> 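Provided herewith is a single structure, encoded as structure tokens, for subsequent inquiry.
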Protein chains: 2
Amino acid sequence: MKTIKEIAQEANVSEGTVDRVLHNRGGVSKKTETKIKAIIKAHNFSVNPVASALALKNKFSIAALIPVHNTSDLFWKSPNIGITKAAEDIKTFGTQVLTLTYNQQKPESYINAFNELLKSNPSAFIIAPSFSEETKEIVAVLEAKNIPYIFLNIEIEGFNNLSFVGQDAFTAGYIAAKLMQSKTLESSSFLIIQSRKNITNNNAVFKRIEGFTKYFIEHNIPHKILTLEIENQESKSIRKTRINTYLKNHPDIKGVFVPSSRIHMIVDSMKDEYLNNIELIGFDNTPQNVECLMTDSVSYLISQKPFDQGYNAIKLMNDYLVKNTIPDRKIYLPIDILIKENVIYNENSY
Amino acid sequence: MKTIKEIAQEANVSEGTVDRVLHNRGGVSKKTETKIKAIIKAHNFSVNPVASALALKNKFSIAALIPVHNTSDLFWKSPNIGITKAAEDIKTFGTQVLTLTYNQQKPESYINAFNELLKSNPSAFIIAPSFSEETKEIVAVLEAKNIPYIFLNIEIEGFNNLSFVGQDAFTAGYIAAKLMQSKTLESSSFLIIQSRKNITNNNAVFKRIEGFTKYFIEHNIPHKILTLEIENQESKSIRKTRINTYLKNHPDIKGVFVPSSRIHMIVDSMKDEYLNNIELIGFDNTPQNVECLMTDSVSYLISQKPFDQGYNAIKLMNDYLVKNTIPDRKIYLPIDILIKENVIYNENSY
DNA sequence: CTGAAAGCGCTTACAG
DNA sequence: CTGAAAGCGCTTACAG
């Protein structure tokens, strides 16, 4: 491995000058610049990131803005752990990470947390952009300040985000349909239960449903898809009544698809006679959902690798800051098919 | 963050002395040691790994000893890429990685490659221990020299390996059976085809078959399991004859399970009439196997995350060397269930 | 436009 | 048993 010193000697200049061209810091004559660049290229030289990190000491910080998790929806706990783990790993580069959470029901909390993070003067942002209008405001600020940002988990278009890290929701829904179909007879009816208001994260839920529906159409499988909306706020008893009444009135339903991480709340409310005779497929290996897998209430969970989402987003951003590595515009993580038997090996970071 | 300098000042000693107690390097009086330790503890101090890495520059090297890959079995290409990628990542710690491959049919090549690696005086070894007798010899040398080693992919017992990184083969086979069963009727017969001699890697193949069989027994599912052995050396035409004749003579066979990474060679040889009516399940997302998934010849592939195996083994060893982090004794990677639709998102590192 | 020098925090001979 | 000093490779004021 060459060093800057050696490059400098070969070019008959000082190390400082090499550093200047290395980082396009200007103030170098065209002639020396050309000479140095040639030598750098000839040796395929790249700076030693350790030495760089040490010299830059605490130069960079990454702000992460993600939803809070709560007992009924633990989903965001896992990306948060991924972020923390990555933060630990990149300490070696002197990069700091600051995470703040917001309430997915309250756009103001999103803006407030963002402003709070901004105060610390971060070099970059990782954002789970739950609210599209507010995200526009936020992004305007970031772009004015030239702060790079990566979107996490929630895929929205029309922004100059450095990258998106998450799941291909359409394909995930498509796969759910295939799995569902393999467990039921042809010409079955399926029920989609949306357990939370579509105001947040709606893109993913919407795309999952789209993928689910598309599978049956593409394969010319006779089917009927029904939809039931159940709000978060509803009490368990109301939920019970609504679900079980619905199923009673639609005895042709052979499968229930829950395109959110809340399938456990559906399982919770369904009568045993339905639980035993209807196939259920949901998303995300939260502890409550995994429990449903273990008791055979749910056949499959599709996981979007929440830990990896957080971990990768931070690492990619750090590589961008420290090494100037440009990440792919979209990073789609593997779509994990989880069953009772393999779920334990999938790092359950809750 | 405190620095060694500050700790030293507070203890009225030099930085060198603090370093000595930090790394238990001895040569420090009991009294100063106690004093320094107290101060370290009080501030919850830990060394800056970046500075440490820079100062230690090129102190460590890891030797990796794995099977070679070839066109008919690409499996080992992917762990190799994982190793290379990890090597890239840990360059920042000044750790070097040297990989040598051996022929899984030739124990001598295993020993020879090991001796070659030993010459470079590595700080640690990553070994895929294909041959148990030869591994004993190798390990004796390593233990005499106090060189730590991690076993990769092939799980053998009775050694003081720092860790094992790979798959829980029994559960993988068990899952294969569950998937197979969901695609076939009760009371079916299943054929297990072993496409390579059991001399190498036999543990994994053996355990997969064990898990496969166990599933049917545990669930009281009437079944019959047949076995066909086909050697590597056999030509495609002989393979064709043997497989198709066997299937003709056993029309009750509804599923074929190939507990190795060579299911593509079976698909290659089976007549269409069998291909269309028999469920096939195999292991590993090599390009040829993925092709079988895409053409619907194979229903499921179970992947053991070969890239991650290589990557993780190197990273764990580096953490052990650089930070003295002790890894878990067994690291079982997730058992990936791959179908046509999700296989593209599983990093296919071939 | 360019160089010399100090500094990031730790480790390591070397001297005593 | 302990300290002073050089060095790892890069970055950054500062001086010219």
Side-chain angles (χ1 to χ4, degrees), chain A residues 1-37 39-40 43-61 90-96 123 321-324, chain B residues 1-37 39-40 43-61 90-96 123 321-324:
Chain A
M1 286 285 262
K2 289 272 172 202
T3 65
I4 284 191
K5 196 175 180 178
E6 293 171 291
I7 303 290
Q9 279 169 349
E10 195 168 331
N12 273 315
V13 295
S14 72
E15 300 178 40
T17 302
V18 175
D19 189 74
R20 280 178 197 108
V21 343
L22 235 21
H23 301 291
N24 298 308
R25 223 147 0 81
V28 182
S29 74
K30 196 66 205 159
K31 200 180 143 205
T32 28
E33 185 183 336
T34 315
K35 182 166 60 172
I36 293 174
K37 281 199 167 157
I39 297 176
I40 288 172
H43 295 301
N44 194 11
F45 170 82
S46 63
V47 297
N48 176 333
V50 186
S52 176
L54 186 60
L56 284 167
K57 179 163 171 35
N58 296 341
K59 186 94 179 279
F60 299 119
S61 65
I90 62 174
K91 257 193 196 163
T92 63
F93 293 98
T95 305
Q96 306 275 331
S123 329
L321 295 172
V322 175
K323 307 179 195 167
N324 203 26
Chain B
M1 287 285 261
K2 289 270 171 202
T3 64
I4 284 192
K5 196 175 179 179
E6 293 171 293
I7 303 290
Q9 278 168 350
E10 195 167 331
N12 273 315
V13 296
S14 72
E15 300 178 40
T17 303
V18 174
D19 189 74
R20 280 177 196 109
V21 343
L22 235 20
H23 301 291
N24 298 308
R25 227 152 351 87
V28 182
S29 76
K30 195 67 206 158
K31 199 180 143 206
T32 25
E33 185 183 335
T34 315
K35 182 165 60 171
I36 293 173
K37 281 199 168 158
I39 297 177
I40 288 172
H43 295 302
N44 195 11
F45 170 84
S46 62
V47 298
N48 177 333
V50 188
S52 177
L54 187 59
L56 284 167
K57 174 149 179 35
N58 295 342
K59 186 94 180 280
F60 299 118
S61 65
I90 61 174
K91 258 192 198 165
T92 64
F93 293 98
T95 306
Q96 308 273 333
S123 330
L321 294 172
V322 175
K323 307 179 195 168
N324 204 26

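Here is how names work: the chains are called A, B, and so on, in the same order as the sequence lines, proteins then strands, and each is numbered from 1. This is a predicted model, so every value here is computed, not measured.
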> Less than 4.0 angstrom between a side-chain N/O of B/T32 and OP1 or OP2 of D/dT2, yes or no?
yes
> Could you grab the distance from atom CD1 of B/I39 to atom CD1 of B/I7, nearest 0.5 Å is fine?
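Spacing of CD1 (B/I39) from CD1 (B/I7) equals 7.0 Å.
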> Can you measure B/K2 atom NZ to C/dC8 atom P for me and round it to whole angstrom units?
15 Å
> Answer whether the closest heavy-atom distance between the side chains of A/V18 and A/V13 falls below 4.5 Å.
yes
> Can you list the residues that meet the side chain to side chain donor-acceptor pair (under 3.5 Å) rule with B/T34, with sequence neighbours excluded?
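With neighbours one apart ignored, the set is empty.
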> Just wondering, do B/T17 and B/V28 contact through their side chains at under 4.5 Å, heavy atoms?
yes
> Choose from C/dC10, D/dC10, D/dG3 the nucleotide whose nearest atom is closest to any side-chain atom of B/T3.
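Of the candidates, C/dC10 comes closest.
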> Which pair of non-hydrogen atoms, one from A/I36 and one from A/A11, has the smallest distance, and what is that distance?
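Looking at all heavy atoms of both residues, the shortest contact is CG1-CB, 4.0 Å.
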> For B/I36 and D/dC1, give me the distance from atom CD1 to atom P, rounded to whole Å.
13 Å
> Kindly compute the distance separating NZ (B/K35) from OG (B/S29), expressed to the nearest 0.5 Å.
8.5 Å
> For A/H43 and A/E6, does a side-chain donor sit closer than 3.5 Å to a side-chain acceptor?
no
> Between B/G26 and B/L54, which is nearer to the 5' end of DNA chain D once each is assigned its nearest nucleotide?
B/G26
> To the nearest angstrom, how far is B/Q9 atom CD from D/dG3 atom P?
13 Å
> Distance check needed: C/dA4 C1' versus A/N12 CG, whole Å only.
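So the two atoms are 16 Å apart, to the nearest Å.
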> So which atom in B/R20 and which in B/G26 form the shortest heavy-atom distance, rounded to 0.1 Å?
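So the minimum-distance heavy-atom pair works out to CD-O, 3.9 Å.
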> Could you please name the option among C/dC10, D/dG3, C/dG3 that lies closest to any side-chain atom of B/N48?
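In terms of side-chain proximity for B/N48, the closest of C/dC10, D/dG3, C/dG3 is C/dC10.
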> Could you check B/F45 against B/L22 for side-chain contact (heavy atoms from CB on, under 4.5 Å), going step by step and ending with a plain yes or no?
CA-CA 10 Å; B/F45 170 84; B/L22 235 20; 3.7 Å; yes
> Respond yes when some side-chain nitrogen or oxygen of B/S14 is under 4.0 Å from OP1 or OP2 of D/dT2, and no when none is.
no
> Pairs counted as Watson-Crick or G-U wobble with both distances under 3.5 Å: what dot-bracket string results for DNA chain D, using | for bases tied to another strand?
|||.||||||||.|||
> Answer yes or no: does a side-chain N or O of A/S29 lie under 4.0 Å from OP1 or OP2 of C/dC1?
no
> Across nucleotides 11-16 of chain C, 5' to 3', mark each nucleotide with B, S or - according to how protein heavy atoms within less than 4.0 Å reach it.
SBB---
> Could you check how far NZ of B/K30 sits from P of D/dC1, rounded to whole Å?
11 Å
